[in-house]
Enquirer: 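This structure is in structure tokens; I'll ask about it shortly.
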Amino acid sequence: MGWHVSLIEAARQPGGRARSVALTDTLTMDNGQHILIGAYTRCLQLMQQVGVDAAQLLHRAPLDLRSPDRHGLRMPPASALPAWDVLRAIWQAKGWSPSARLSLLRVAARWQRQGYRCDSGATVLQVCQGLHADILRTLITPLCVSAFNSLPEHTSGQVFLRVIHDALMAQRGGSDALVARVPLGQLLPEPAVHWLQAQGANVRLACRVQGLEPLRASSPNAGWQLQLDDGSLLQVDRVILATPATEAARLLQGMQTHLCEVQHKRYQRWIRLAHSLRWMPIATTYAWCALDDAARLPRMQALAGGPAQFVFSHPEQDGVQPGQRLLAFVASCSELPREAHEQALLEQARAELGLSLLTLIRTLVDKRATFVCSADVQRPPMQILPGLRACGDYVEGDYPATLEGAVRSGLLAAQSLSA
Ligand SMILES: Cc1cc2nc3c(=O)[nH]c(=O)nc-3n(C[C@H](O)[C@H](O)[C@H](O)COP(=O)(O)OP(=O)(O)OC[C@H]3O[C@@H](n4cnc5c(N)ncnc54)[C@H](O)[C@@H]3O)c2cc1C
């Protein structure tokens, strides 16, 4: 767009919540196992723009939500008719009675008739009224927990229908699951930084923005001054705050400049909304498993019990630990203390997958993994003040806390500055 960009990032490595973490001297994994889906179009386009070969770095397969006993839904390979693929998947799903299948068809037809819209205050449980209990348990709940990190009764029906529409109806392969073959840092953040530098951007890692002031109280549009943690000051025309909500609120609260009453009220409201968000944790447990035992596991396996909902297999790490394969167990909404969590997970792996010899490497818990996208949530808007925008997965938008939501929000914020 012709802007001269400065990117100020507090951490040593780029990526935020979707960053790589060195687990041991020889093993780098992620802050938490992530998946993308085919419908993450903006995210995939951004990867392409910064030179990432997504087809090479992402393992792509039709979404498979079947538990280890093979019950549940598996999408067929994508055809040009997404609605037909959904019908085939429902027809072929094992473990559902005819009345359960019929209830799903009826409810899906209702969503279609209503244009995938509902009352903004409705929960997922409410938009699923009429569904058979087995479908709620084996399809809707796992979908909701994996996409939103919250249970159907706590999740916005409107945002859920948007994701269902984009994943299942809007495009060929929208529901495909894409799992990275490389640590997340190599998938987007590091190529993005190299791309920015090649465009002449000023990228500063390990540098925290400590404070923020408009250059002129009478007109924030005249520019902004950032105070950096090395004591230096940076003057810029526009600012996009791409930090988590609480950090953006901290920066706004620290502003000393007296703005006019209207603008003062505007950013005070923004701060209140940011503080009103609630957060949910995600725990990812990395473990080694004997190659022979792990060989029968697909790349992504849904689980029926708890605490984990999915286990991911990482064959590209074979050889790091001789004879062992790296597994990542993902537990959304998990609030057990770490030791109890790991014990329950070992028990689950034994009971559901027959894996009795796992060597746990580490459990990474991100306590503020995602905001709760509830039916009554009020997300802070992108516009904070003239020349000052917010972007991130929590900002007002159609998507839940996902990579796609964050990328969409960033694009909108950049476009709005140019407008
Ligand atoms: C364990 C886990 C699993 C997840 N799984 C998935 C998944 O499977 N699929 C999916 O789509 N999404 C998943 N997500 C969500 C996804 O990671 C987030 O939605 C996305 O990364 C949010 O990006 P963001 O840019 O909004 O914020 P963040 O990633 O939080 O980035 C904010 C950045 O701001 C920096 N910062 C903060 N304060 C300052 C300051 N004062 N100065 C300078 N820099 C600052 C931080 O260091 C950070 O880099 C998961 C998240 C977690 C934690």
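We count ligands from 1, going down the list as the structure has it; atoms in each ligand are counted the same way. Along the sequence shown, residues carry numbers from 1. Just so you know, these numbers use all the heavy atoms, side chains as well, and skip hydrogens, waters and symmetry mates.
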Enquirer: Out of Arg19, Met280, Gln33, indicate the one that has the non-hydrogen atom closest to atom 5 (N) of ligand 1.
Expert: Gln33
Enquirer: Identify the protein heavy atom lying closest to atom 25 (O) of ligand 1, giving its residue, its atom name and the separation to 0.1 Å.
Expert: Ala406 CB, 4.1 Å
Enquirer: Is there a polar contact between ligand 1 and Arg17, counting only N or O atoms under 3.5 Å apart?
Expert: yes
Enquirer: Which is closest to atom 52 (C) of ligand 1 in terms of heavy atoms, Ala369, Ala390, Ala242?
Expert: Ala369
Enquirer: Any heavy atom of Tyr40 closer to ligand 1 than 4.0 angstrom?
Expert: yes
Enquirer: Just distances here: any N/O of Thr370 and N/O of ligand 1 closer than 3.5 Å?
Expert: no
Enquirer: Identify, for atom 50 (C) of ligand 1, the protein heavy atom at the shortest distance, and state residue, atom and that distance.
Expert: His34 NE2, 3.2 Å
Enquirer: Consider only side-chain N and O atoms of Gln383 and Arg389, and report whether a donor and an acceptor are under 3.5 Å apart.
Expert: yes
Enquirer: Name the option, out of Pro14, Ala18, Pro400, that contains the heavy atom nearest to atom 21 (O) of ligand 1.
Expert: Ala18
Enquirer: Does any donor atom in the side chain of Gln263 or His258 lie under 3.5 Å from an acceptor atom in the other side chain?
Expert: no
Enquirer: Below 30° counts as parallel, above 60° as perpendicular, anything between as tilted: where do the rings of His165 and Tyr116 land?
Expert: tilted
Enquirer: I need the nearest protein heavy-atom contact for atom 36 (N) of ligand 1: residue, atom name and distance, please.
Expert: Thr243 CG2, 3.9 Å
Enquirer: Answer with side chain, backbone, both or neither: which part of Glu247 has a heavy atom less than 4.0 angstrom from an atom of ligand 1?
Expert: side chain
Enquirer: Of all the atoms in ligand 1, which lie at a distance below 4.0 Å from a heavy atom belonging to Pro244?
Expert: 30 (O), 32 (C), 34 (O), 37 (C)
Enquirer: Between Val209, Asp366, Ile35, flag the one that comes closest to atom 8 (O) of ligand 1 by a heavy atom.
Expert: Ile35
Enquirer: Between Glu9 and Leu205, is any pair of side-chain heavy atoms under 4.5 Å apart?
Expert: yes
Enquirer: Test your reading of the structure: does Leu403 have an N or O sitting under 3.5 Å from an N or O of ligand 1?
Expert: yes
Enquirer: For Lys94, is there an ion pair with Asp69 - N to carboxylate O distance below 4.0 angstrom?
Expert: no
Enquirer: Going by distance only, is there an N or O of Ala10 that falls short of 3.5 Å from an N or O of ligand 1?
Expert: yes
Enquirer: Please identify which atoms of ligand 1 are closer than 4.0 Å to at least one heavy atom of Gly392.
Expert: 26 (O)
Enquirer: With a 3.5 Å cut-off and no angle check, do the side chains of Asn221 and Ser219 form a donor-acceptor pair?
Expert: no
Enquirer: Could you tell me which atoms of ligand 1, counted from 1 in the order shown, lie closer than 4.0 angstrom to a heavy atom of Gly16?
Expert: 29 (O), 31 (O), 48 (C), 49 (O)
Enquirer: What is the ring orientation for Tyr399 with Tyr40, classed by angle as parallel under 30°, tilted 30 to 60°, or perpendicular over 60°?
Expert: perpendicular
Enquirer: Under 4.0 Å between a Lys/Arg side-chain N and an Asp/Glu carboxylate O for Arg208 and Glu247?
Expert: yes
Enquirer: Please determine if Arg70 and Asp64 form a salt bridge, counting it only when a charged side-chain N lies under 4.0 Å from a carboxylate O.
Expert: no
Enquirer: Quick check on contacts: which atoms of ligand 1 are under 4.0 angstrom from a heavy atom of Gly32?
Expert: 1 (C)
Enquirer: Using a 4.0 Å cut-off to any heavy atom of Ile282, which atoms of ligand 1 qualify?
Expert: 1 (C), 2 (C), 3 (C), 4 (C)
Enquirer: Is Ile8 touching ligand 1 with its side chain, its backbone, both, or neither, if touching means heavy atoms under 4.0 Å apart?
Expert: backbone
Enquirer: Is any NZ, NE, NH1 or NH2 atom of the basic residue among Arg19 and Glu190 found under 4.0 Å from an Asp or Glu carboxylate oxygen of the other?
Expert: no
Enquirer: If we only consider heavy atoms of Gln210, is any one of them less than 4.0 Å away from an atom in ligand 1?
Expert: no
Enquirer: Please tell me whether Thr155 and Ser150 have a donor and an acceptor in their side chains that are separated by less than 3.5 angstrom.
Expert: yes
Enquirer: For Asp393 and ligand 1, does the shortest N/O to N/O distance drop below 3.5 Å?
Expert: yes
Enquirer: Report the relative orientation of the aromatic rings in Phe312 and Phe310; use parallel for angles under 30°, tilted for 30 to 60°, perpendicular for over 60°.
Expert: tilted
Enquirer: Going by an N to O cut-off under 4.0 Å, is there a salt bridge joining Arg408 and Glu404?
Expert: yes
Enquirer: Which ligand 1 atoms are under 4.0 Å away from a heavy-atom of Ala401?
Expert: 15 (C), 19 (O)
Enquirer: For the residue pair Leu215 and Trp224, establish whether any side-chain heavy-atom pair is separated by less than 4.5 Å.
Expert: no
Enquirer: To check your reading of the model: name the closest protein heavy atom to atom 47 (O) of ligand 1, its residue, and the distance in Å.
Expert: Glu9 OE2, 2.5 Å
